[in-house]
Amino acid sequence: MSSPSMFHPGQQPAAPQQPNAPTRRGTKSALLDPAILGPAVKASFTKLNPATLVRNPVMFLVAAVALLTTVLLARDLATGAQGTGFSFQIVLWLWFTVLFANFAEAVAEGRGKAQADSLRKTRTETVAKRLTGPMVARGAAVTSFQTVGAADLKVGDHVVVDAGDIIPSDGEIVDGIATVDESAITGESAPVIRESGGDRSAVTGGTRVLSDRIIVRITAAQGSTFLDRMIALVEGAERQKTPNEIALNILLVGMSLIFILAVVTIPGFAAYAGGTVSVVVLVALFVTLIPTTIGALLSAIGIAGMDRLVRFNVLAMSGRAVEAAGDVDTLLLDKTGTITLGNRHAAEFIPVSGVTDKELAEAAQLSSLSDETPEGRSIVVLAKEKYGLRGKDMGALNARFVPFAAQTRMSGVDLANENGEGGIQIRKGAVDAVLRHVTALRGSQPVRHPELEAITERIAKAGGTPLAVVRNDRVLGVIYLKDIVKGGIRDRFAELRRMGIRTVMITGDNPLTAAAIAAEAGVDDFLAQATPEDKLALIRKEQAEGRLVAMCGDGTNDAPALAQADVGVAMNTGTQAAREAGNMVDLDSDPTKLIEIVGIGKQLLMTRGALTTFSIANDVAKYFAIIPAMFAGLYPALNALNIMHLATPQSAILSAIIFNALVIIALIPLALKGVRYRALPAASLLSRNMLVYGLGGIIIPFIGIKAIDMVVTAVGLA
Amino acid sequence: MTFNGILQIALFAAIILVLTRPLGGFMTRVFSGENTLFGRVFGPVERALYRVCGVDETAEQHWLTYAVAMMLFNLVGALVLYALMRLQALLPFNPQGQAAVAPDLSFNTAISFVTNTNWQSYGGETTMGYLVQMAGLTVQNFMSAATGIVLALALVRGFSRRGARTIGNFWVDLTRATLYVLLPACVVLTLFYVWQGVPQNLLAYTEATTLEGAKQIIAQGPVASQLAVKMLGTNGGGFFNANSAHPFENPNALVNLVQMLTIFAIGAGLTNVFGRMVGNERQGWAILAAMGAMFIVGVGVCYWAESQANPLYAGLPVDQTVSALSPGGNMEGKEVRFGIANTALFATITTDASCGAVNGWHDSFMPLGGMVPLVNMLLGEVIVGGVGAGLYGILLMAIIAMFVAGLMVGRTPEYIGKKLEAKEVKMTVLAILAMPLVILVFSAISSAIPAGVAGIANNGPHGFSEIFYAFSSGAANNGSAFGGLSANTLWYNVSLGVTMFVGRFFIIIPALAIAGALAAKKSVPASAGTFPTTGPLFVSLLVGVILIVGGLTYFPAVALGPVVEHLQMMAGTTY
Amino acid sequence: MAIGCLLSIDPSRPESVPSRAFRVSFVRNIRMLDVILLALLVGLFGLGVAYAYACERL
C-alpha cells in the first residue's frame, strides 16, 4: 500500500502462545501421587489375571515362563535339590518383571480413573422438567411441565431449564438464552453464553444454568451423553489398540518368537559340547532377550498419550485419532479466530479525490455511532484518535440508525434536517453493495467509480477489507478494515513447515485479501471464498493424494468436512452436529490447539519407537552377560566375552534379570511423559533419537548390569 | 595384506559400481516391456512361447495367483529334475555310465537346484551324467535365477504401483528374465569361458598317465555353458566337485575375476531397477550403499584374518611372513593361482550373494576368516544377495528398519511412500522367522542326535560350526559348504532339503503378500516430516537393523562355533 | 558346492552293487523311499501354496 500507516495494527497482537508447551491441568506427576500409587500397586496384582495378561503377549510369555520356573522350583524344593537359592531369586525377579509391567499400566490408568470419578460425582441424579403441552410459542411463558428423572428422558423430548438447574442431558437450545457454567466439563470457571439458533446452541448434560431460562431439545439418551463418553474415555474403558500399536505388537511378538528359537535350541548346542543348561538359566536368558521393556510400557504409553490430550482439554474419541494427528500432512485452519483475531479493525480512512480526510472520517463516525459491532466501534475509535472527533449524541442529531441487513449488506444512519424530514443518508458497506445503492438513488445505469475501485483493489491486495462510505449518492471514500494476524502465529507455521506439515488457510474473503493475509501469516496455501462444499472438496482432494488432513470447525455446516477429515477437532462451543462429526472435541474451543494436538500425536508414536529401540538395543549387553555365564563350565575360553567382568556366572545372570526388571520401573516416567519432542525435520529427529535411545540403549545396560552385579556380589546374593 | 591384494579388491568393487547403472537401465526396460536390443531377435520367440503355453501376456495377476503359479512351476521343475536323476542310467548323454542317483540325494539335489541353493551332497563328475548336468541342473540354474529376479520385481512393483490389484504376470516376467537377461549374457560368457580354456564337450573322461606313471582320469563335459549361469544366476553348483577351485572350472585369474563380477552383476543391477521403478534412482543407490558397506567390512575382515599367521604354527618351521615368494598368512585350502586376497574376496562375494561357488576351502579358513562367510549367510544374504533374493531380502529388512524409524520420527511408518501397517509388519516378521526356524532347529537337532554328529569331520566347536554352516548355507540358499561335513546321508539330505525349501519359499511367499498389500495402497507424498531414505542416515540405520536382527538371533550359535574356536585357538587348544 | 572333496570320493553308491538278490531287495526298499520322498516334495509345495492362502487371510 502507498501509506505505511496502513500497516499499523489497530490493536496490539495477543501475547504469543508458548509453542509446544500445552497448558496442562494437573501437571503433578502421577508417580508421586499417593492417590494414584496405592490403587496402582493393588492393580498390579489383580492384573495378573490371565485373561487380562493375554492382551499383552510379551508379558503373557514372561508370566508363563515365570509360572514354569515356579513349578520347577517347587519340585526342587520338594526333592531337596541344590542351588535353589539362586533359582528362587530368579523366579522372584521374573514375577517382579510381570508386576512392574502391570504397575506401569495401572499408574497410567490411575489419573484417568481419578478424573472419571470426579466427573461421576457431578453426574448426580438430575431432575428434568419435561414439557408436556405442545411446543409453546417463542418467548411465551412455559406453563405445563412434569418433573421426571433425567434417566427417563428420551431423544426428542423438550425440557425447560431454569437458573440454578443442572441441564439433564445433552441437547440443543430451541428457545432462550442463558449463561451456563461448564466448569464440570471444561474446568473453566467463567460462564459461557448459550442461545438458541446459530452455532452456540448446544448444551451439555451435567452443566449448570446460571441465569435465565432455556428450553432444550434432548439429543442424547442417558448413557451416551457427552459426559458418559468423557468418563469412558478418560477411564480407558473403551480403549482399543490403535493401528500402530497393533503393528508394533506384531513386531514384538515376532521378536519374541525369534528369541524362543534362539533359546530353545541352546540345549541342543550344549548337548553337542557335552553339557547341559538348566531351565532357570534358559528362562532368564529368554526373558531378558524378549522386548519386555517396551512390552511392559506399551499400553502405558498409549494411555498416557490420551491422558495428555485430556489434560490439555481435548477429548479424543479414539486412540486412532491421536495417532492420525501425528501423521497429519495438511492442516486446514479457519482464518477468523485461528490465524487472525476474530474482529477486523478500522485502520485508515481513504477519501476519494475532492473529499477531505476529515469529511470522510466524520461521515464514517456518524454511520457507526450506534453500530455495536466490533468493526463499527473500531471506526469510532479511529475517528476519535486520528481526527479528534468526539462522539455525538444520536438523539440530539435527530438521527436514526439503520442496522446492517443481509439484503442491503450496508448499515448507516439517516439524519433528518431541521424540519425533521428529507435529510441525509449515510451508508457504509461492501463496495459493490454501496455502488448498487448509489445506482438505485440516481435511478441511472449502473454507476462505476474507477477511483473507488482502484482503492478497493489496493486494500484487498494488502489483505484488508474495504468499506465504502456514501453520503446520499456521493461517494466519500473507503474505510480500510484490517485483519489482525495473531502474534506469534507466523513462527508456529514456520515450525509446522519444518515438521513437514502444510497449512492451508480457509476464508470467505476474496482471493486478493486472502492472499495478502496468507502471506502475512505465513501459511503455505489458502482457499478463498470458501463454502463448506469447497472445504469438503479440498479435504477429499488432499486425501486422494495420500495426505492426512486435520481441521477444526464448530458450525453445523462444518460437520461433513469434520467427518471427512482424518483429524476433525470440534469446538465445544459448536453445534451438536459438529461435535458428533469430529473425532476430537476441544473443550476450550481454541482452534489454535490443532497445532499442539499434532505434537501430542507425534510424541506418542515417538515414545513407542524410542522405547522399542531401547528395548532391542539392550539385548546386546544381556547376551554378553549371560552367554559366557551359561557356558562357563563347558567353554571357559568364552569368559573372554565377559567384558563387564561380572563376578560369577550366577551374579551375571541375576544382574541381567534384575536390570531387566528395574529398567521397566525406571522408564515409567518417560512412558507417561513421552519423549522430548521438538519441531524438527524427520532426519534430525531420527538421528537424535537413535543416538539417545539406540546408542544409549546399547551402553546403559552394560553400566547398569555391572553396577547391579557389584551390589549383588557385595550383598552376597550370588 | 598386500597393496596388490587390496588393489584387486578395489578393482572388483569399482567394476561392479560401473556396471550397476547400465544393467539396471537395461533390466528396467526389459521388465517394463519396452523395446530392447534383443527385442527384435527374441521378440518372436517370446510371443511364440506365449502362444504355445496359452499365456495371455497382457493379463496381470493378483499376488496369490502369482505365488501359486510360481510354486507350481517350481514343483514341476523339481519333479522333472528328480526323475532325470533317478532315471539317469537309462537316459542318453551319459558316456561315463553314471548310475541312478539315490532317492534321498535326488530329493536333496532337486530342491537344492530349484531353490537356487545348489547345495551339492555329491561330487559332480562322479555322480551326474551330461544329460542331468545340462537338461536338469543347468536348466534349473536358469529357472531358479529367473524366479528370484521376477519375485524381486514383483516386490518392487508393490512399491511403485498405487491402488493396484495386480503385481504383474509370473509367466511373462519369467520368460523375459530368461530370454532377455540371462540367456544372452550366458551365451557371451560361455564363449568367453571356452576361449579361456574351459571345456565344452560331450566326451567321455580322458584317461592319462602322469609323469610318475600313475593313471589319472581327467573329467570333462559341457562345463562352460553351466559355469556361465552358475555364476550369473548366483547358483554356485559346480560342474566338478572342486567347483571353481578346479582348473577346468576356473582356469586363470581373468576368469576368476569375471566369475566374481558375474555373481554380483545382476544383484547390483536390480538395486538400480528398484530405484528407477520407484521413480528415484537414489533409493536404489542407498540400498546398494548399505550392501556395499557390509561387503567392504566383510571382505576386509576375511582378508585380514586370512593374512594373519596361524598362532599354532609359531615355533614350527613354517614361514608365514609375506615375501616376494610367499603370500604369507594362511594358505591352507587355497589355490596358489588365486592366493589369499582373491580367495578371501571370492569367499565373501559368494556368501554375500547366495552363490555358493567357491575357489578355496572355507573349512580351512582361520576361525574369524571362516566366520565372515557364515555371518554373511546368517544376515540373510542381503549383501547384494542372490539374484532377486538379495533385493527382496534387504527390502524386508528396510521395512523393519523404517517401521522402527518411522515411529521414532512421530509418524505412521512409511517406506517409499507406502504406509507400513499391521499386514506388512506381520508378513515381514513371518519372512524373517523362516531362516532362524530351520537353521537353529535343525542345527540343534543335528548336534544332539547320532545321525547328525556322525557326519562331522572335526571335534569340538569346529565340528559344530560345520553343522551350523551347512544349515545356514541351506536356509540362506547359498549352497556353499564349510566342508568337513559328510552330508550325503539320509538325515542330512532330507533335513537340508527341507531347510532349503523353507529358506526359499517361506520368505518368498510373505514377500509376495507384502507386494500385493503395498501395491493396493496409495502413495504418501514425501514432506519434511518424512524420513528421507536416500541418505547416509538411512544406510546406517539399515545396516544397523540387519546386524542387530541377525546378531541377536544367532549370537549363541555363533558364540559356540567360530567365536569359541577362535578364543581356544588363541589359548592354544585344538581338537 | 560339493562336500568332502578332500575326502575320498566314493562313487560306489549302493545301486552299483552287483549281487542280484541284494539288488532286488534294495530296489524294493528304494521304491518305498522314492514314494516317501516324492510325497514329501509334493507335500512341501502343497504346504507352500496353503501358506500363501493363509498369508492372504492373515
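Letters A, B, ... mirror the listed sequences (proteins, then strands); counts begin at 1.
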Could you look at [X] and say if it's the side chain, the backbone, both or neither that has a heavy atom under 4.5 Å from chain B?
X: A:Tyr623; value: both
X: A:Ile266; value: side chain
X: A:Leu248; value: both
X: A:Leu680; value: neither
X: A:Arg498; value: backbone
X: A:Ala273; value: neither
X: A:Val620; value: both
X: A:Phe631; value: side chain
X: A:Arg502; value: neither

*Between B:Glu421 and B:Lys423, is there a salt bridge with N-O shorter than 4.0 Å?*
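Answer for the salt bridge query: no.
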*Considering only heavy atoms from C-beta outward, does the side chain of A:Arg608 approach that of B:Met408 to under 4.5 Å?*
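The answer is no; the side chains never approach within 4.5 Å.
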_Member of A:Asp525, A:Asp524, A:Asp566, A:Val504 meeting the side-chain contact (heavy atoms from CB on, under 4.5 Å) criterion with A:Thr330_ =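 Filter result, single survivor: A:Val504.
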*Looking at A:Gly254 and B:Leu433, what are the two nearest heavy atoms and their distance?*
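Looking at all heavy atoms of both residues, the closest pair is O-CD2, 4.3 Å.
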*Examine B:Tyr415 together with B:Phe403 and report whether their ring centres are nearer than 6.0 Å.*
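Ring-ring flag for B:Tyr415/B:Phe403: false, centres at least 6.0 Å apart.
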*Aromatic rings B:Phe471 and B:Phe442: how do their planes relate, parallel, tilted or perpendicular, breaks at 30° and 60°?*
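Taking B:Phe442 first and then B:Phe471, their aromatic rings lie parallel (interplane angle under 30°).
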